[in-house]
> 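Mind having a look at this structure? Questions to follow.
The model shown is predicted, which means the values in this text are computed figures rather than measured ones. In what follows, every heavy atom counts, from backbone to side chain, and hydrogens, waters and symmetry copies are set aside.
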Amino acid sequence: MANVTFSSPAMPRDATVYAVAGDTSTILALAKRHEIPIPLQCQDGACGACLVKITTLGDKKPMAITLTDKEKLTLSVNGKLTKDQLYEAETNDVPPPYRLACQYIVRDEDILVEFSGEPGVEIELRR
């Protein structure tokens, strides 16, 4: 079981929810179940509206969640995935910090999911 903490200026306070082990739901699906206001549009990885920053919590090595082809393209086009980050993800299983909530499948690790509350806007621009 994983603890997923959502944090955003669009929320009155952080919210931690549990992701059941073996569930193949995305972060976006988990957020929708718990009424977390992650912006969304296409829900298919093409628009970038559900941009989130993922930070692994705890001492475990981050579990690389494979980037989908749509996610690679959308993040790259929007300047959120560098060639070096893509190489590290594909070669050394080092996940990049920015992901799309509609593509990221929750694994058995505690994570912090940060989002700005505005479609496609990175959290650092709203701090």
Side-chain angles (χ1 to χ4, degrees):
M1 184 171 289
N3 291 317
V4 179
T5 301
F6 293 93
S7 180
S8 172
M11 298 168 48
R13 65 183 179 281
D14 292 355
T16 300
V17 300
Y18 301 103
V20 178
D23 187 359
T24 58
S25 295
T26 64
I27 286 177
L28 185 59
L30 183 65
K32 287 168 78 174
R33 269 197 304 269
H34 293 279
E35 299 180 8
I36 307 293
I38 293 178
L40 57 97
Q41 287 176 11
C42 75
Q43 301 179 58
D44 191 36
C47 71
C50 62
L51 181 71
V52 294
K53 182 178 182 185
I54 305 292
T55 304
T56 302
L57 304 174
D59 297 332
K60 282 183 170 180
K61 179 182 180 267
M63 295 180 181
I65 308 302
T66 304
L67 291 157
T68 65
D69 289 337
K70 285 183 182 179
E71 192 174 21
K72 289 176 195 176
L73 178 62
T74 301
L75 290 173
S76 295
V77 166
N78 291 322
K80 304 299 184 249
L81 181 66
T82 66
K83 288 181 182 180
D84 289 341
Q85 289 171 330
L86 180 58
Y87 175 82
E88 286 297 313
E90 292 180 334
T91 307
N92 298 319
D93 292 332
V94 177
Y98 282 99
R99 301 297 300 267
L100 299 178
C102 69
Q103 300 294 295
Y104 187 102
I105 296 174
V106 180
R107 301 285 296 263
D108 185 22
E109 64 183 340
D110 296 342
I111 58 173
L112 171 64
V113 178
E114 297 175 281
F115 60 98
S116 70
E118 298 174 51
V121 176
E122 62 187 79
I123 185 67
E124 277 79 10
L125 296 177
R126 295 297 170 245
R127 287 190 177 155

> For the pair Lys53 and Glu122, find out whether any cationic side-chain nitrogen is under 4.0 Å from an anionic carboxylate oxygen.
no
> State, with a plain yes or no, whether a side-chain heavy atom of Glu90 is found less than 4.5 Å away from one of Gln85.
no
> Compare all side-chain heavy atoms of Thr55 with those of Ile111 and state whether any distance is below 4.5 angstrom.
no
> State, to 0.1 Å, how close Pro9 and Ile123 come at their nearest heavy-atom pair, and which atoms those are.
CD-CD1, 3.6 Å
> Could you check Glu114 against Val52 for side-chain contact (heavy atoms from CB on, under 4.5 Å), going step by step and ending with a plain yes or no?
CA-CA 6 Å; Glu114 297 175 281; Val52 294; over 6 Å; no
> If you round to the nearest 0.5 Å, how far is CG of Leu28 from CZ of Arg33?
10.5 Å
> side-chain contact (heavy atoms from CB on, under 4.5 Å) for Ile54 and Tyr104? Distances and angles first, verdict last.
CA-CA 10 Å; Ile54 305 292; Tyr104 187 102; 3.7 Å; yes
> Verify, without hydrogens or angle tests, whether Asn3 (side chain) and Asp110 (backbone) share a donor-acceptor contact under 3.5 angstrom.
no
> Could you see if Ile38 belongs to whatever hydrophobic cluster contains Val17? Use Ile, Leu, Val, Met, Phe, Trp, Tyr and a side-chain cutoff under 4.5 Å.
yes
> Take Leu81 and Leu67 through the side-chain contact (heavy atoms from CB on, under 4.5 Å) test and state the conclusion after the steps.
CA-CA 11 Å; Leu81 181 66; Leu67 291 157; 4.3 Å; yes
> At their closest point, which heavy atom of Pro119 faces which heavy atom of Gln41, and how far apart are they?
CB-NE2, 4.0 Å
> Closest heavy-atom contact between Gly48 and Asn78?
CA-ND2, 4.4 Å
> How long is the gap from CG on Leu75 to CG on Leu51, to the nearest 0.5 Å?
6.5 Å
> Less than 4.5 Å apart, any side-chain heavy atom of Glu71 and any of Arg99?
yes
> Does the pair Gln103 and Lys72 meet the rule for a side-chain hydrogen bond (donor to acceptor under 3.5 Å, both in side chains), with working shown?
CA-CA 10 Å; Gln103 300 294 295; Lys72 289 176 195 176; over 6 Å; no
> Do the non-hydrogen side-chain atoms of Phe6 and Ile27 ever get within less than 4.5 Å of each other?
yes
> Which heavy-atom pair separates Leu30 from Tyr18 by the least distance, and what is that distance?
CD1-O, 3.9 Å
> Any side-chain donor-acceptor pair under 3.5 Å between Asp14 and Thr5?
no
> Applying salt bridge (Lys or Arg N to Asp or Glu O under 4.0 Å), can you list everything that pairs with Lys70, at least two apart in sequence or on another chain?
Asp44
> Are any of the side-chain heavy atoms of Phe115 and Met11 separated by less than 4.5 Å?
yes
> Which heavy atom in Ala29 sits nearest to a heavy atom in Ser25, and how many Å separate them?
CB-CB, 4.1 Å
> At their closest point, which heavy atom of Cys102 faces which heavy atom of Cys50, and how far apart are they?
N-SG, 3.3 Å
> Can Thr26 and Val106 be said to form a side-chain contact (heavy atoms from CB on, under 4.5 Å), step by step?
CA-CA 6 Å; Thr26 64; Val106 180; over 6 Å; no
